[in-house]
Amino acid sequence: MATENPQVVTETEEHVHEESHYHPKLSFIRKYVFSMDHKTIAKQFLITGIFWGVIGGLMSMVFRLKLGFPDDSFPFLQSILGSWAPEGDLKPEFYNALITIHGTVLVFFVLTAGLSGTFANLLIPLQVGARDMASPFLNMMSYWFFFLASVVMFSSLFLPQGPASPGWTVYPPQSALPQASPGSGAGMTYWLVSMALFIFSALLGGLNYIVTILNMRTKGMSMARLPLTIWAFLVTAILGVLSFPVLLSASVLLIFDRGMGTSFFLSDIYIAGEALRTSTGEILSGGSPILFQHLFWFLGHPEVYIIILPAMGIVSEVLAVNARKPIFGYRAMVGSLLAIGFLSFVVWAHHMFVTGMNPFIGSVFMLLTLIIAVPSAIKVFNWVTTLWKGNIRLTPAMLFSIGFVSTFIAGGLTGLFLGNPAIDIQLHDTYFIVAHFHIVMALSAIFGMFAGIYHWFPKMFGRMMNKNLGYLHFFLTIVCAYGVFWPMHYIGMAGVPRRYFEFSNFQAFGGFADLNQFITVAAIIGFTAQFLFIINFFYSIFHGRKATMNPWKSVTIEWTTPIKTGHGNWPGEIPEVHRWAYDYSKNGDSENDFIPQTTPVSADEIEPEH
Amino acid sequence: MLSFLAVICVVFLLIVIVQISKILESLGVLKGEEEAQESSNKLNGGLLFVFIILSFYLIYWSIKKYSPEFLPESASIHGVWIDQLFNITLLITGVVFILTEFLLFYFAWKYRGNRKKKALHYVDNHRLELLWTVIPAITLTVLVGFGAVRWYEITSQPPDNVTWIEITGRQFEWMPRYPGVDGVFGKRMVEYIDDGTGNKLGIDTTDINSEDDFLPTEIHLVVNQPVAFKIRSRDVLHSFYLPHFRVKMDAVPGIPTQFWFTPTKTSAQMAKDVGKPDFVYELACAELCGASHSNMRLEVFVDTQEEYDEWEKQQTSWYSSFMGLDKEDDADAEQLEEAADQKEDNDEGEEIEITETNGNVEENNVISMLQND
Ligand code: HEM
Ligand SMILES: [Cu+2]
Ligand SMILES: [Cu+2]
Ligand SMILES: [Cu+2]
């Protein structure tokens, strides 16, 4: 390896030599904490993401207990939550705080940082054939900004008034006025600071991903030869770079409104016994809370695609490898990624159909929203066709990928109801929405993440995860997850609003005690089942079976690196790429049914398109 | 204690599962990796297929059980349209769902891996892809078309004979206001809001139009009579949500919104239709507005014209109670009402506008009433 052949490393890339893993001089801190190695940074994102996943999941357990068993009290809650749950009865303010933080950390910390932070970092240099990211330093900063954001968000949990509580969408005026709810005081300030830090992290990461993909591909790796993972990360990063700044601007304006007497989002408000006035004593007016919603969703909608696209990329890859077939319709897959990416910028106001918007504008957004379903449908059909006549290895990663496609179908189809503003009048802000976006995020995107972890674990840690635990994990998860979110469609169709602390006040909403109880039980079992994964994950890091170099017989070039991949990735020269990333079952027998990207095209071989 | 025991049990269970999996894994390695994978392909493929078939059955069963609750009986004209659109979309998506999910899981099982087989190297098929681009596109065009037509109808300007009601949200209460017999609301200003004195809406008491506005604690509508709500908020966002009428519109401080519709079933009729004698229409808040978001309830009644008139008669104007007029002299209140009745007759057929600036309807009439006091 490199130590045997340091000459080559020095020759190809000077800086790699200095930082190389193969040099034992690197201190523990530089190697594992303030590391600039994209693979270590990926693991840091992943483990922080898992941490937040557990925290966010625990929060959902607490509020599901309340929703499923509204009349019982759970004294043990008091020991965890203290004054939030006196005598074990959750207080409504803290119910709101829990759903807010649950949503925020799962959307941003788990499914953005934990998903694209992990896999973009791990896979971009390895799959395009680069020694590291374009800027390893900024990449490291990206993680540490995320870490700081996490620290701030986590400390907000211990504020005496509790963390932010206006929902993950933090609509003003509630989020602007400390008088409006306890969480709108210090809790909201922490939330905004945390998000600002997070946005820096996302931008540093995103710029790095884009530059690396565009500029640092190895010889022969044309754009048309990139695996779909990389295409997905590229589009994701572009979306992030273009849309996160808008959330930052919204946050800054909100900070002004909160602390400096401006009224970007405030108008004609009387709260806590007095009217809000400017410093000169006039009634504060002229602002628009709707403006905030536009700014928020201009990020917010691309954000949901920032979450799902990496999962789509991962799944495309895992499906092809394990079906032992090329991904069906590579060009259409790339085209639909680009189309989805573009369209995701022009549909944001479908979250605002009932804010009193001009009906004409509503219909334009309906049209654009439903158009997104076309590229989504193409992807689904192509995935299903990829399975057709395959020779499918049902590994845990493959199971989760199939689960991804299944849930994405379910969640995408409910989008067609919501994108239709007339129907959305009834469904908006009901449990139908909750079902829709949990099926695409809490199921699809998380399944994509699991698929990625099971698949690339050997690359990350040089060991294998236990498959049997993986199988059990998958089946328990998919059964419980559908068990939780499928019935929510029913509750939503019956008109029950979301974010309700209790349903019994209303005749119209109180009739679903049995379903709510069922959901809670399924959620608890499903959450517990995740510990199978967590145990498997951490146990296998240290004691898993040793991996072979290319355990899944994959053609992509990350598997040409040594099992214990050092900083710099390839001890020798970076391999040259000669073909696209999907030559499965092209020739050979079932033992040898793949041609790595590094294999030159032989004379008698026809390489049609790529 | 019980929960502690439960946690212990779960932990124990997890440990057992982990140990068994480890043993199975080592057995698999002994057997040979390929062979182990092949047998798990068989098992997992079978389970996937069983999963989807069972799921289809459970979906069928649960829909049969719960569908009476879906889309609660709609009680407005446009509510029926929305339900139609919903059902068309459900039909289309349902077919797509069953087809694609079935194929997905069926393929996973049918083509489960086997060392003796080889996959088909199948890269592309433009005709197939074109097909499944065009079909969704056409289907969606149809959905967009129907949707747009209904959306424009629902959001159109209210008809001339509409009755206006104003509804204001605050933490945590809905506050309706009726314009009274003149059909015109008195002016409102944030400056005038004062919870201490009871001017919760900031009504301008010097505006003559405010004299007969009344602020009931429940909403009454007339069946088959179009009604328009002017929706406002005093503090944070709320959302005006009438599930049975398929009405939802955000209440935004500083930016009034509106929604008009025609209720088609009286409360009594609805109670009979749904078979619940104690049925009552409800107004809820659908936008997270704080701790008591789930408790912003107001009852709504759809009356026949006669019932409504009867109810309206019993309402005292907010002005008179705010100024203490109703307590001073009962006769005054009656007088006010009589005058009001008269005025109503005069108003019949007259077009009434909602705009706050339109303040001159029957001005003299009210002034003379005031002078009487
Ligand atoms: C065919 C594709 C899709 C369509 C047509 C669609 C449409 C919609 C619409 C119209 C809404 C707004 C509903 C309302 O608030 O009344 C919505 C909400 C939402 N969607 Fe989708 N969607 C699609 C796919 C996705 C995907 C792939 C994701 C994420 C991975 C996603 C995540 C969300 C989220 C998070 C919300 C709700 C946010 C909130 O209000 O808290 N959607 N969707
Ligand atoms: Cu959206
Ligand atoms: Cu409210
Ligand atoms: Cu509310």
Side-chain angles (χ1 to χ4, degrees), chain A residues 76 92-93 167 171 173-174 180-181 267-271 275 283 289 324-326 329 332 354-356 359 363 367 370 374 377 381 384 387-394 402 409 413 417 420-423 425-426 429 466 468-469 490 493-495 497 499-502 505-506 508 585-586 590, chain B residues 3 10 14 18 21 24-25 37 41 44 66 69-71 82 85-86 89 93 97 100 103-104 107-108 111-113 115 117-121 123-124 129 132 136-137 140 144 147-148 150-151 155 190 193 234-237 243 246 248-250 252-254 257 282 286 288 290-291 294-295 297:
Chain A
F76 72 91
E93 299 86 303
Y171 284 172
Q174 206 198 139
S181 60
S267 183
D268 297 347
I269 291 172
Y270 181 96
I271 194 165
I283 296 290
R324 312 307 297 159
K325 279 186 67 188
V354 299
T355 53
S363 63
L367 180 66
L370 294 196
V374 175
F381 292 133
V384 174
L387 294 186
W388 178 70
K389 295 209 168 173
N391 191 21
I392 302 170
R393 268 188 332 222
L394 292 166
I402 292 168
I409 294 170
L413 288 174
F417 295 80
N420 196 325
I423 305 178
I425 291 173
Q426 178 69 1
D429 271 339
N466 183 310
N468 299 306
L469 277 179
Y490 299 172
M493 281 190 234
R499 293 167 167 169
Y500 264 33
F501 171 70
E502 54 193 348
N505 298 326
F506 287 82
S585 302
K586 192 169 180 186
S590 62
Chain B
S3 39
V10 170
L14 284 177
V18 170
S21 311
L24 284 177
E25 174 118 337
Q37 183 64 53
N41 288 346
N44 290 328
Y66 290 102
E69 318 276 346
F70 297 170
L71 297 178
I82 288 182
L85 282 175
F86 186 97
T89 313
T93 53
F97 178 80
T100 48
L103 286 181
L104 174 71
F107 287 168
Y111 300 110
R112 62 190 180 278
R115 269 170 302 170
K117 287 194 304 190
K118 212 186 118 198
L120 178 73
H121 184 78
V123 177
D124 234 336
E129 283 176 308
W132 58 55
L140 289 169
V144 168
R150 291 313 195 190
W151 168 248
T155 53
V190 182
I193 301 182
R234 229 185 65 173
D235 42 33
V236 299
L237 295 173
R246 309 288 188 266
K248 192 177 289 130
M249 182 54 69
D250 287 356
V252 186
T257 55
E282 293 169 309
L288 181 60
S294 53
N295 209 1
R297 177 175 182 269

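- Contact between P326(A) and V123(B) at its shortest, heavy atoms only, is CG-CG2, 4.1 Å.
- Contact between G356(A) and M249(B) at its shortest, heavy atoms only, is N-SD, 3.4 Å.
- Considering every non-hydrogen atom in both P421(A) and W151(B), the closest pair reads CB-CE3, 3.4 Å.
- Atom-to-atom distance recorded for K118(B):NZ and K586(A):NZ is 11.0 Å, nearest 0.5 angstrom.
- The distance from the CZ atom of R246(B) to the CD atom of Q426(A) is 4.5 Å, given to the nearest 0.5 Å.
- In this structure, the portion of V10(B) lying under 4.5 Å from any heavy atom of chain A is its side chain and not its backbone.
- Between chain A and the residues W132(B), F97(B), F107(B), the most heavy-atom pairs under 4.5 angstrom are made by W132(B).
- Proximity to chain A involves both the backbone and the side chain of E69(B), based on heavy atoms less than 4.5 angstrom apart.
- When the candidates R112(B), R150(B), Q37(B) are compared by the number of heavy-atom contacts under 4.5 Å with chain A, Q37(B) comes out ahead.
- Of the atoms belonging to A508(A), heavy atoms from both backbone and side chain fall under 4.5 Å from chain B.
- The distance from the CZ atom of F506(A) to the CG atom of N295(B) is 7.0 Å, given to the nearest 0.5 Å.
- Rounding to the nearest 0.5 Å places CD1 of I409(A) at 12.0 Å from OG1 of T93(B).
- For F76(A), the part lying near chain B is the side chain, with the backbone staying farther off; criterion is any non-hydrogen pair under 4.5 Å.
- Within the 3.5 Å criterion, the main-chain N or O of R393(A) finds no donor-acceptor partner in the side chain of N41(B).
- Residues F86(B) and N420(A) fail the side-chain proximity criterion, which asks for heavy atoms closer than 4.5 Å.
- Among T257(B), L103(B), I82(B), the residue making the largest number of heavy-atom pairs under 4.5 Å with chain A is I82(B).
- Side-chain contact between S294(B) and P92(A): absent, with no pair of heavy atoms (C-beta onward) separated by less than 4.5 Å.
- A side-chain donor-acceptor contact under 3.5 Å links N391(A) to the backbone of K117(B).
- Closest approach of L237(B) and P289(A) over heavy atoms only: CD2-CB, 4.2 Å.
- Closest heavy-atom contact between G290(B) and Q174(A): N-NE2, 3.7 Å.
- Between L120(B) and S585(A), the closest side-chain pair of non-hydrogen atoms is not below 4.5 Å.
- Here CD1 of I269(A) is found 10.5 Å from CD1 of I193(B). Values are rounded to the nearest 0.5 Å.
- Contact count against chain A (heavy-atom pairs under 4.5 Å) is highest for A286(B) among A286(B), A137(B), A148(B), P136(B).
- Here the CD1-CG distance, from I425(A) to L85(B), works out to 10.0 Å after rounding to the nearest 0.5 Å.
- Heavy-atom pairs under 4.5 Å with chain A peak, among T155(B), V18(B), N44(B), V236(B), at N44(B).
- The two atoms that bring I392(A) and A108(B) nearest to each other are CD1-CA, 3.9 Å, heavy atoms only.
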